[in-house]
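Some notes on the structure that comes next.
Just so it is clear, the values below take in all heavy atoms, side chains as well, and ignore hydrogens, waters and symmetry mates.
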Amino acid sequence: MRNQQRTASSPSIADAYITVEPFCLGRWIGQKYSLSSAPSVRGGSEGGRGAYDRGGCGGDLDCRVAVMLADTKEGETCIEKELFGEPDDPSKQHANINFEKYNNIPVERTGSGFPEPVTTFMNPPLDPVLLENIVFARYISPTPVQKYSVPIVAAGRDLMACAQTGSGKTGGVFLPILSTSFTSGPRPPPHDRQATGYNIRRKAYPTALILVPTRELVSQIHEESRKFAYRSWVRPAVVYGGADINSQIRLIERGCDLLSATPGRLVDLIERGRISLANIQYLVLDEADRMLDMGFEPQIRRIVQEEDMPGVHERQTLMFSATFPRDIQMLAKDFLKDYIFLLVGRVGSTSENITQEVEYVEDNDKRSVLLDILANELKGALTLVFVETKRMADMLSDFLMANSLPATSIHGDRTQREREMALQTFKTGRTPILVATAVAARGLDIPHVTHVINYDLPSDIDDYVHRICRTGRAGNTGVSTAFFNRSNRNIVRDLKELLHEANQEIPAWLETVAHESSGFGGSSHGRGRGGGSRGRGRGNASCDYGSSNFIKYNATKVCPME
DNA sequence: AAAAAAT
């Protein structure tokens with residue numbers, strides 16, 4: 001199969017051929033056609049050689065039938081721009097990771113016979129086409145989590161990793177999965193007794209499935225997978241709620257080998273007989289703790305255990321989670337076999353990269369204080385403002401806009417289109433102020449956020465950590481400002497402790513409030529730090545991680561490794 | 001208590 005993948009070098013005009021590019025009809029993928037025998041393709045041909053559709057540059061997905069002459073540099077560049085961005089496009093750019101800082105990452109591994117970490121993408125050898133895509137995507141050197149997870153996944157082992165979502169970790173699973181897939185080629189779907197003449201053609205049989213809790217996260221992961229799957233036979237696809245199901249169905253009909261999905265929409269499509277899991281070789285559960293928090297457990301168990309997915313011994317399963325409470329341990333016990341437990345943290349990253357400020361602001365004063373802060377923000381700075389309720393997100397963004405500030409908002413009551421638009425205009429800097437609820441707190445990788453404002457503080461310190469970690473990413477620096485008043489007493493003890501650990505200034509009044517509140521019921525008191533007691537592994541013979549190190553490097557103290 | 005997610 002590999003010989004069907006086009007390499008980066010363009011052929012001469014003499015052997016001009018048409019290559020059907022990503023997004024296109026599955027059966028043509030990778031096939032070469034001479035100019036005269038090229039199949040006609042809807043929505044593209046401008047006659048002669050230029051059978052290339054503008055869709056590749058950002059048009060409607062539907063008309064992204066990007067057939068092109070392999071030697072039209074223009075066409076190739078166009079797709080590459082869309083996938084990988086301009087070198088200076090801030091919305092696609094990966095922040096430059098300061099790898100020097102990453103030498104002292106705490107890493108824990110438990111399990112039998114784990115492979116040694118790698119230091120480059122060349123080892124274990126990855127498929128050459130994939131290596132080119134890695135270069136296109138400007139991944140230079142593996143992140144700490146990749147150094148450990150790439151060889152584990154490449155060795156075919158099941159993995160339970162405590163680390164957060166983002167480009168680094170996502171790459172850590174995609175790279176070895178895709179490398180193996182590229183090299184071994186597509187796998188024919190197994191005999192499916194339910195497939196009838198009608199749906200045998202229209203049912204998708206993905207070989208890899210990645211389950212993700214939120215819609216924004218799933219589309220972010222899908223974008224990553226498109227980069228890595230570029231110029232291979234692997235068709236990445238994405239399904240999630242809130243978007244038109246019929247257009248998603250049309251897209252998965254065109255190819256669906258690596259599927260990123262939110263659980264609800266996936267179940268819907270399985271019920272409709274559009275997707276079969278019978279061919280799954282790789283299963284990835286991302287942000288597993290978050291999925292359980294959101295009540296996805298029944299749906300996840302249904303997808304994994306009650307549909308036609310191959311059993312735990314017939315597939316490779318990878319789970320990611322920020323924390324490792326008992327319900328996640330149970331899930332791991334049921335879904336994984338002889339797995340390796342990997343914990344990659346970043347000690348002190350909050351103190352290194354993020355300056356945390358806490359200001360005492362009464363509710364009535366919050367608006368004017370916010371205006372003051374925003375007025376002093378530098379040009380081009382992206383500011384993320386967190387609030388607790390959807391209503392507040394709307395009110396605050398309206399208020400900011402009424403004050404001529406370029407703001408938008410993201411929360412669960414906005415339509416999916418509005419949410420995506422908000423994220424997009426924020427990333428590109430058109431609306432450099434984004435007011436958000438918890439939907440944006442975890443996992444989302446938005447480069448160049450320089451300031452996170454907790455307009456309303458969350459009641460859970462873990463949420464606070466996730467929020468402020470939207471800035472100061474990948475070795476960059478960032479500022480976080482929290483508006484605190486007495487209604488936030490429930491978090492004061494954890495907050496004080498966190499600031500102390502991160503070597504941040506603790507205002508005197510915060511000490512006072514903390515003192516006042518002693519006995520108020522600081523949430524962490526008596527059960528160990530940051531839910532550490534939830535993280536104790538017990539009663540799992542195959543993987544004993546009962547050491548206190550897990551607690552030490554829990555997400556509470558450590559900026560999530562992404 | 002709120003948020004997220006299938007319609």
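Side chains of A:Leu266 and A:Ile270 form a contact here, defined as non-hydrogen atoms less than 4.5 Å apart.
Ion pair A:Asp394/A:Arg391 not flagged as a salt bridge, since none of the NZ, NE, NH1 or NH2 atoms sits closer than 4.0 Å to an Asp/Glu carboxylate oxygen. Between A:Arg417 and A:Glu420, no side-chain nitrogen of the basic residue sits less than 4.0 Å from a carboxylate oxygen of the acidic one, so the salt-bridge criterion is not met. Under a 4.0 Å N-O distance rule, the pair A:Arg272/A:Asp268 qualifies as a salt bridge.
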Next item on the list: Would you mind building the protein contact string for nucleotides 2-7 of chain B? One character per nucleotide, 5' to 3', B for base within reach (heavy atoms under 4.0 Å), S for sugar-phosphate only, - for untouched.
Entry: SSBBBS
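Residues passing the side chain to side chain donor-acceptor pair (under 3.5 Å) test with A:Glu357, sequence neighbours excluded: A:Thr481.
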